[in-house]
Protein chains: 2
Amino acid sequence: MFTFSEENYLKAIYHLELDSDKVISTNSIAKKLETKASSVTDMIQKLSEKEVVVYKKYQGVTLTDFGRKTAANIVRKHRLWEVFLVEKLNFSWDEVHDVAEQLEHIKSPKLIDQIDAFLGFPTHDPHGDPIPDKEGNLKTIEKSLLSTLSKNESGICVGVNDSSSEFLKFLDKKGVTLGKQITVLEKEDFDASLLIEIDNNKLSVSNKIASNLYIQRQ
Amino acid sequence: MFTFSEENYLKAIYHLELDSDKVISTNSIAKKLETKASSVTDMIQKLSEKEVVVYKKYQGVTLTDFGRKTAANIVRKHRLWEVFLVEKLNFSWDEVHDVAEQLEHIKSPKLIDQIDAFLGFPTHDPHGDPIPDKEGNLKTIEKSLLSTLSKNESGICVGVNDSSSEFLKFLDKKGVTLGKQITVLEKEDFDASLLIEIDNNKLSVSNKIASNLYIQRQ
DNA sequence: TTAAATTTTTAGACTTAACTAAAAATATAT
DNA sequence: ATATATTTTTAGTTAAGTCTAAAAATTTAA
Ligand SMILES: [Mn+2]
Ligand SMILES: [Mn+2]
Ligand SMILES: [Mn+2]
Ligand SMILES: [Mn+2]
């Protein structure tokens with residue numbers, strides 16, 4: 001079994017590997033966990049002892065298969081709990097992350113299996129992120145940042161890149177939620193902002209917004 | 001905020017106070033938490049600093065109002081989670097305690113309020129124990145140990161004194177569950193065993209069983 | 001009421017997971 | 001290729017929570 005701290009390190013390394021497929025540096029882990037590089041070195045050495053990461057001094061770290069599966073399982077729990085909170089307990093998508101950060105560490109295989117079944121085996125969490133299966137596999141859907149769409153292209157809003165509470169609340173205010181159809185009406189060269197159509201309304205979105213919204217092209 | 005360890009100490013003291021209404025000794029806490037008296041002294045001093053207990057060297061400990069409310073809230077969470085696991089996730093009453101021991105430490109007022117509402121504001125947990133309200137008050141129902149009933153008395157099974165998995169599984173096997181009507185047909189002087197009627201069946205129960213089952217007389 | 005037994009506290013040590021500061025290794029730039 | 005900058009590791013502290021062993025206080029028994 002792993003401590004909370006070990007689980008958080010595993011999850012951080014897992015996420016870093018997913019969006020870089022390179023060896024993960026001490027510093028990048030420190031940045032992600034808002035801790036010091038020296039603390040990371042300590043923990044990495046322990047995780048290496050426990051055979052969840054492969055580590056050579058100064059060479060960064062990679063997850064072993066066992067480590068990756070362990071990490072995926074934590075992410076699985078995190079995302080299933082987020083679905084539960086939204087679907088069953090009337091949480092909004094900007095409120096669930098912090099609670100899920102706690103709930104993901106609860107140790108009970110039966111509990112998470114039952115939550116999964118209770119929710120009807122969801123495949124994605126409230127932010128559009130895929131839920132790893134029990135073996136740790138996740139099927140990613142084809143999705144593109146809104147900022148990469150051309151004029152007149154359209155698609156369905158399927159996820160967010162930034163899932164901070166601020167961004168999510170902003171989207172709520174603008175009426176942008178997952179599942180909505182979006183069409184790019186204009187692209188401004190000047191500031192890379194977009195004029196989009198959503199719910200038969202025109203909405204102007206900055207490049208910052210557009211580079212944090214995932215669209216499934218159609 | 002309190003650490004897991006502090007919360008467990010608070011809960012232990014709370015339970016000890018409930019079934020003794022005396023000042024609580026260092027040793028009794030150590031026994032309940034399966035730890036050493038010296039560790040208890042350390043922790044008690046910290047809890048005293050935090051003003052959740054009143055402590056004078058060698059004089060034992062009592063909860064302050066704030067401490068009692070804090071402890072009751074942990075028990076509230078524990079029991080609501082137990083109800084959730086049984087009612088919504090198909091756990092049996094002998095499986096829920098260990099998971100609830102973890103879940104009771106999750107910090108999110110909204111979460112527990114929503115669970116409470118989702119469950120329809122239950123008043124008792126799967127073992128018949130009362131669920132403290134948000135102010136920490138618990139209303140206890142009139143109940144007696146089965147062993148205290150006389151011949152020909154009857155009542156409803158409303159709780160267990162021992163909620164170990166072994167005892168609960170044993171009760172399941174014998175068909176004894178909360179809500180069932182029980183009538184005492186015979187009391188044996190020799191070994192204090194009882195012959196009871198339940199579901200139109202006769203069942204012989206030892207004194208050990210009878211002193212761990214709560215009955216609401218009728 | 002003194003002695004023995006029990007309970008409780010203190011002192012000192014250990015583990016985990018942080019931190020800072022300094023040393024060592026690696027990467028980058030001249 | 002050498003100097004500089006950056007990254008990473010090591011060494012040494014700290015705090016929380018536990019432990020054992022010993023001292024102190026309290027309770028019980030003679
Ligand atoms: Mn999240
Ligand atoms: Mn999410
Ligand atoms: Mn319980
Ligand atoms: Mn219970």
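Below, all heavy atoms of this structure are taken into account, side chains as well, without hydrogens, waters or symmetry copies. Reminder, nothing fancy here: chain letters follow the sequence lines and each chain counts from 1.
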| query | Whole-Å distance between D:dC19 C1' and B:Leu33 CG? | reply | 15 Å
Below 3.5 Å is the cut-off: list the nitrogen or oxygen pairs between protein and nucleotides 5-9 of chain C, distance only.
{"unit_1": "C:dT8", "atom_1": "OP2", "unit_2": "B:Asn27", "atom_2": "N", "d": "2.8"}
{"unit_1": "C:dT9", "atom_1": "OP1", "unit_2": "B:Tyr55", "atom_2": "OH", "d": "2.5"}
{"unit_1": "C:dT9", "atom_1": "OP1", "unit_2": "B:Tyr58", "atom_2": "N", "d": "2.9"}
{"unit_1": "C:dT9", "atom_1": "OP2", "unit_2": "B:Thr26", "atom_2": "OG1", "d": "2.9"}
{"unit_1": "C:dT9", "atom_1": "OP2", "unit_2": "B:Thr41", "atom_2": "OG1", "d": "2.8"}

| query | Between A:Tyr9 (OH) and C:dT16 (C1'), how many Å, whole number? | reply | 12 Å
| field | Nearest-angstrom distance from the residue atom NZ of B:Lys36 to P of D:dT20 | value | 4 Å
| Below 4.0 Å: OP1/OP2 of D:dC19 and any side-chain N or O of B:Thr35 | yes
| task | Before accepting this row, confirm whether a basic side-chain N of the pair B:Lys69/B:Glu135 lies closer than 4.0 Å to the acidic partner's carboxylate O. | result | no
| query | Under 6.0 Å between ring centres, would you say that holds for A:His127 and A:His97? | reply | no
| task | Please name all residues satisfying ring pair (Phe, Tyr, Trp, His ring centres under 6.0 Å) with A:Phe84, sequence neighbours left out, ordered by chain then number. | result | A:Trp81, B:Phe84
| For B:Met43 and C:dT10, what is the distance between atoms CE and C1' respectively, to the nearest whole Å? | 17 Å
| query | Can you tell me how far P of C:dA18 sits from CD of A:Glu6, to the nearest Å? | reply | 10 Å
| field | Whole-Å gap separating P (D:dT7) and CG (A:Asp42) | value | 19 Å
| request: Give a yes/no verdict on a cation-pi contact between A:Lys88 and A:Phe118, requiring under 6.0 Å between NZ or CZ and the six-membered ring centre and an angle within 45° of the axis. | output: yes
| said: Need one value for A:Phe4: base, sugar-phosphate or nothing, where a base atom within 4.0 Å counts as base even if backbone is also close, heavy atoms only. | reply: nothing
| Any side-chain N or O of B:Ser5 under 4.0 Å from OP1/OP2 of D:dT18? | yes
| field | side-chain hydrogen bond (donor to acceptor under 3.5 Å, both in side chains) against A:Asp113, all qualifying residues, sequence neighbours excluded | value | A:Lys134
| Between B:Phe4 and A:Phe4, is the gap from one ring center to the other below 6.0 Å? | yes
